[in-house]
S.K.: 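Just passing along the structure, written as structure tokens.
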Amino acid sequence: TQLLEQSPQFLSIQEGENLTVYCNSSSVFSSLQWYRQEPGEGPVLLVTVVTGGEVKKLKRLTFQFGDARKDSSLHITAAQPGDTGLYLCAGDAGGYNKLIFGAGTRLAVHP
Amino acid sequence: DTAVSQTPKYLVTQMGNDKSIKCEQNLGHDTMYWYKQDSKKFLKIMFSYNNKELIINETVPNRFSPKSPDKAHLNLHINSLELGDSAVYFCASSRDRRTDTQYFGPGTRLTVL
């Protein structure tokens, strides 16, 4: 069974701080995705990483896919209250868009 | 226009009842999904349909039956509801069965009393 473990589970920081969220697995994934979910809404895709070692940037968010395609990280620079939410990583388990989700990291950024 | 919509938003019902959740997407996508998110926010895939054909059927009690009348709609019918069925159910769609990006609906919060 393919599993994705996210850490930390909870993160409470002050505005302006930097943070990194991790997504780890013992399995290889053809791609990994990061989603953000706000209360009362569905997850929204932030990025998809496909190639081992790939780095993608989305404004203050930097996503990295591990060389072996087993892990990924999300780094946020100068966090803002608007970054508050649940961050989920998801891996394509079989190439048919069957996504396996991690348990999520709940981020709270305080003004 | 809402891309993926679900009705109802909230559903409160008694144990043993039968209920349905409806999902519609106006994106012209071929593939639709049902996910269950439990109280710990763990999101798990239940079913996937591609052009009205079932392609993913995870280990889900057979009290849950998806139905796709056309490729824009995927409904979820649940028989004999149990307390453990309480969760938020999300519908999603993607352009096709191989495309990464899934677009999620706003969710249906089901509470079984």
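Values reported hereafter were calculated over all heavy atoms of this structure, with side chains retained and with hydrogens, waters and symmetry mates removed. Every chain is numbered from 1, with letters handed out A, B, ... down the list of sequences.
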S.K.: Do A:Leu46 and A:Leu107 share a hydrophobic cluster (ILVMFWY, side-chain heavy atoms under 4.5 Å, transitive)?
M.R.: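 As far as the 4.5 Å side-chain criterion goes, A:Leu107 and A:Leu46 are connected within one cluster.
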
S.K.: Using non-hydrogen atoms only, which part of A:Gln9 is less than 4.5 Å away from chain B: side chain, backbone, both, or neither?
M.R.: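 Looking at A:Gln9, nothing touches chain B.
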
S.K.: If you draw a 6.0 Å radius around CD in A:Glu5, do more than 12 non-hydrogen atoms from other residues or ligands fall strictly inside?
M.R.: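 At most 12 heavy atoms, drawn from other residues, nucleotides or ligands, come within 6.0 Å of this atom.
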
S.K.: Does A:Lys56, at its NZ atom, have more than 12 non-hydrogen atoms belonging to other residues, nucleotides or ligands within less than 6.0 Å?
M.R.: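 For A:Lys56, atom NZ is crowded (more than 12 foreign heavy atoms under 6.0 Å).
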
S.K.: Are B:Leu83 and B:Leu81 connected in a single hydrophobic cluster, I mean Ile/Leu/Val/Met/Phe/Trp/Tyr linked by side-chain heavy atoms less than 4.5 Å apart?
M.R.: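 They do share one cluster, since a chain of ILVMFWY contacts under 4.5 Å joins B:Leu81 to B:Leu83.
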
S.K.: How far does CZ of A:Phe101 sit from CD of B:Gln37, to the nearest 0.5 angstrom?
M.R.: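 Rounded to the nearest 0.5 Å, the CZ-CD separation comes out at 9.0 Å.
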
S.K.: For A:Leu99, which atoms come within 4.5 Å of any heavy atom of chain B: side chain, backbone, both, or neither?
M.R.: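 For A:Leu99, heavy atoms of backbone and side chain both lie under 4.5 Å from chain B.
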
S.K.: Are more than 12 heavy atoms, taken from residues, nucleotides or ligands other than A:Lys57, located less than 6.0 Å from that residue's NZ atom?
M.R.: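 Check fails, neighbour count at 12 or below.
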
S.K.: Using side-chain heavy atoms (C-beta onward) and a distance below 4.5 Å, is B:Gln102 in contact with A:Tyr35?
M.R.: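 The answer is yes; the side chains approach within 4.5 Å.
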
S.K.: Taking all heavy atoms of B:Phe90 and all of A:Gln37, pick out the closest pair and write down the distance.
M.R.: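 Of all heavy-atom pairs spanning B:Phe90 and A:Gln37, the closest is CZ-NE2, 3.2 Å.
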
S.K.: Would you say A:Leu88 ends up clustered with B:Tyr103 if hydrophobic residues are merged whenever their side chains have heavy atoms under 4.5 Å apart, either directly or through other cluster members?
M.R.: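 Different clusters: B:Tyr103 never reaches A:Leu88 through Ile, Leu, Val, Met, Phe, Trp or Tyr contacts under 4.5 Å.
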
S.K.: Applying the 4.5 Å side-chain criterion to the ILVMFWY set and letting contacts propagate, would B:Trp34 and B:Ile55 be lumped into a single cluster?
M.R.: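 No; B:Ile55 is not reachable from B:Trp34 via cluster members.
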
S.K.: Between A:Lys98 (side chain only) and B:Ile45 (backbone N and O only), is there a donor and an acceptor less than 3.5 Å apart?
M.R.: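 Here the side-chain-to-backbone pair does not exist.
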
S.K.: At a 4.5 Å cut-off on heavy atoms, which part of B:Gln6 comes close to chain A: side chain, backbone, both, or neither?
M.R.: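 Contact with chain A is absent: no heavy atom of B:Gln6 under 4.5 Å.
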
S.K.: Counting only heavy atoms not in B:Tyr89 (residues, nucleotides, ligands), do more than 12 fall under 6.0 Å from its OH?
M.R.: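 It does: B:Tyr89 OH has more than 12 such atoms within range.
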
S.K.: With a 4.5 angstrom heavy-atom cut-off, could you sort out which part of B:Ile56 is near chain A: side chain, backbone, both or neither?
M.R.: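 Only the side chain of B:Ile56 comes within 4.5 Å of chain A.
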
S.K.: Counting only non-hydrogen atoms closer than 4.5 Å, does B:Tyr35 touch chain A with its backbone (N, CA, C, O), its side chain (CB onward), both, or neither?
M.R.: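 Contact with chain A is through the side chain of B:Tyr35 alone.
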
S.K.: Please flag which part of B:Lys41 lies under 4.5 Å from any non-hydrogen atom of chain A: side chain, backbone, both or neither.
M.R.: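 Contact with chain A involves both backbone and side-chain atoms of B:Lys41.
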
S.K.: Need one label for B:Lys44: side chain, backbone, both or neither, based on atoms under 4.5 Å from any heavy atom in chain A.
M.R.: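 Nothing of B:Lys44, per the 4.5 Å heavy-atom cut-off to chain A.
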
